[in-house]
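Working notes for the structure below.
Letters A, B, ... mirror the listed sequences (proteins, then strands); counts begin at 1. Predicted, not measured: the structure shown is a model, and the values here were computed from it. Heavy-atom basis, side chains included; hydrogens, waters and symmetry copies ignored.
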Amino acid sequence: MEVEKLSRSMPEADKLAFTQLVKEHERIINKVCRVYTRNESDRQDLFQEILYQLWRSFGNFRGESKPSTFIYKVALNTACTQLRNDDRRQRNMAQYQKEDNAPDGENTDEQIQRLHWAISQLDDAEKAIITLYLENHSTEEIAEIIGISTSNAGVKIHRIKKKLQTIYSHEQ
Amino acid sequence: MSSNNEFDNLSDAWGKMDSSTNADLAVMIEKTLAKSKEPNTVFTKLKRSFCFEIISGFIISPPLIVFALYDRSSLFGSVFLLSIGVLFLTLVSYYLIKFQKIRSINLIGSDLKGSLTELINKTERFIVFYRNINLYLGLILIIPSMIYGFQLGAGDPSALNSINIASIHPITWLFIAIFLAGFIVAYLFFIKFYVKRMYGRHVDKLKAQLSHLTDEETNNP
């Protein structure tokens with residue numbers, strides 16, 4: 001198992017540094033998981049996948065980019081390439097909508113629930129872009145993480161915002 | 001939501017979202033580093049498919065080769081089985097090389113577009129090779145397989161020599177031709193379906209994502 005070998009070969013100090021990095025940026029991973037999954041079980045799976053991929057690439061992280069940029073790259077790449085089963089996705093969607101319509105849940109903030117619901121209507125690439133935008137990343141940073149031109153990133157952000165507005169207006 | 005101000009309010013809502021932390025994060029990290037199961041990514045699924053075929057090839061090929069070398073009753077049968085065994089082993093070796101290449105893709109070192117592009121390109125090249133080789137192999141092997149099947153069915157290796165081709169009724173030829181045509185059509189459909197099921201759907205999903213990223217640049221270069 002590749003990651004186990006890596007884990008054994010890495011010095012203890014690196015493991016501590018990795019744990020520290022994850023602790024400091026756990027919020028980012030949580031948000032990406034929340035955006036790309038629709039129930040707690042999938043969320044846990046994706047969280048672990050992201051941890052696995054982070055660990056796998058941690059040895060190559062030389063600090064050329066900001067740690068948060070590194071985490072976002074890994075988290076979004078993992079979320080966008082993860083295996084999805086369409087049937088399971090459909091079931092999850094129904095479950096997600098059911099949960100959202102419930103009178104009260106763990107998350108009582110209606111605004112946050114609406115935001116989640118609206119973002120869940122976007123495709124995976126759009127989710128990645130809006131996540132970075134809502135995290136106050138500049139257009140240049142978004143372009144770098146996604147791998148598109150700055151102008152394209154700007155256009156996409158504008159379009160996604162309009163799309164979200166449409167989704168909200170249909171909801172009301 | 002009717003204005004940008006309202007969108008900004010949503011940004012505030014986003015800021016409040018999921019800021020909680022896992023009390024047992026350290027344990028989770030330990031578990032992740034120690035767990036023996038790889039995550040359920042498209043990449044992992046492809047690797048699993050390759051592994052399945054590589055292991056199948058390694059299990060099937062050696063017995064065929066051994067049987068072909070020891071069975072002296074039919075020269076045709078020995079040559080046929082030996083060819084299939086060697087062919088399987090060659091293919092399996094090629095799969096191993098391809099597998100290593102796909103395994104080496106660094107999905108996380110690049111940006112999202114770069115990762116998707118690399119994964120799609122490498123996987124597509126493999127799929128084209130895989131589909132073609134299975135098609136050609138099937139078509140090449142069908143006639144020898146029928147002859148070998150006839151020998152086995154007759155239970156006598158020399159049964160083949162006793163057949164007088166000229167005496168075969170035209171209707172029998174017609175049945176053989178219809179059977180072959182039917183088999184080839186069914187085989188083509190099966191290979192297309194199998195490849196699509198094993199690999200194609202994942203690539204389609206990745207392509208859809210990539211196109212969402214690149215459409216604007218294609219429209220406005």
Practice item. Please state whether the side chain, the backbone, both or neither of A:Ile146 comes within less than 4.5 Å of a heavy atom of chain B. Key: both

**Study point:** Note: A:Glu26-A:Lys23 ion pair, threshold 4.0 Å (strictly below)
**Key:** no

**Study point:** Which of A:Asn136, A:Ile119, A:Thr131, A:Ile129 touches chain B most, by non-hydrogen pairs under 4.5 Å
**Key:** A:Thr131

Practice item. State whether A:Lys163 and A:Glu126 are salt-bridged, where the test is any N-O pair (Lys NZ or Arg NE/NH1/NH2 against Asp/Glu carboxylate O) under 4.0 Å. Key: yes

Check your understanding: Which atoms of A:Glu135 come close to chain B, meaning under 4.5 Å heavy atom to heavy atom: side chain ones, backbone ones, both, or neither?
Key -> both

Review point. Do A:Lys66 and A:Glu141 meet the salt-bridge criterion of a basic N to acidic O distance under 4.0 Å?
Key: yes

Practice item. Heavy-atom distances under 4.5 Å only: say whether A:Ala153 touches chain B with side chain, backbone, both or neither. Key: neither

Exercise for review: Report yes if the distance between the aromatic ring centroids of A:His137 and A:Tyr72 is under 6.0 Å, otherwise no.
Suggested key: yes

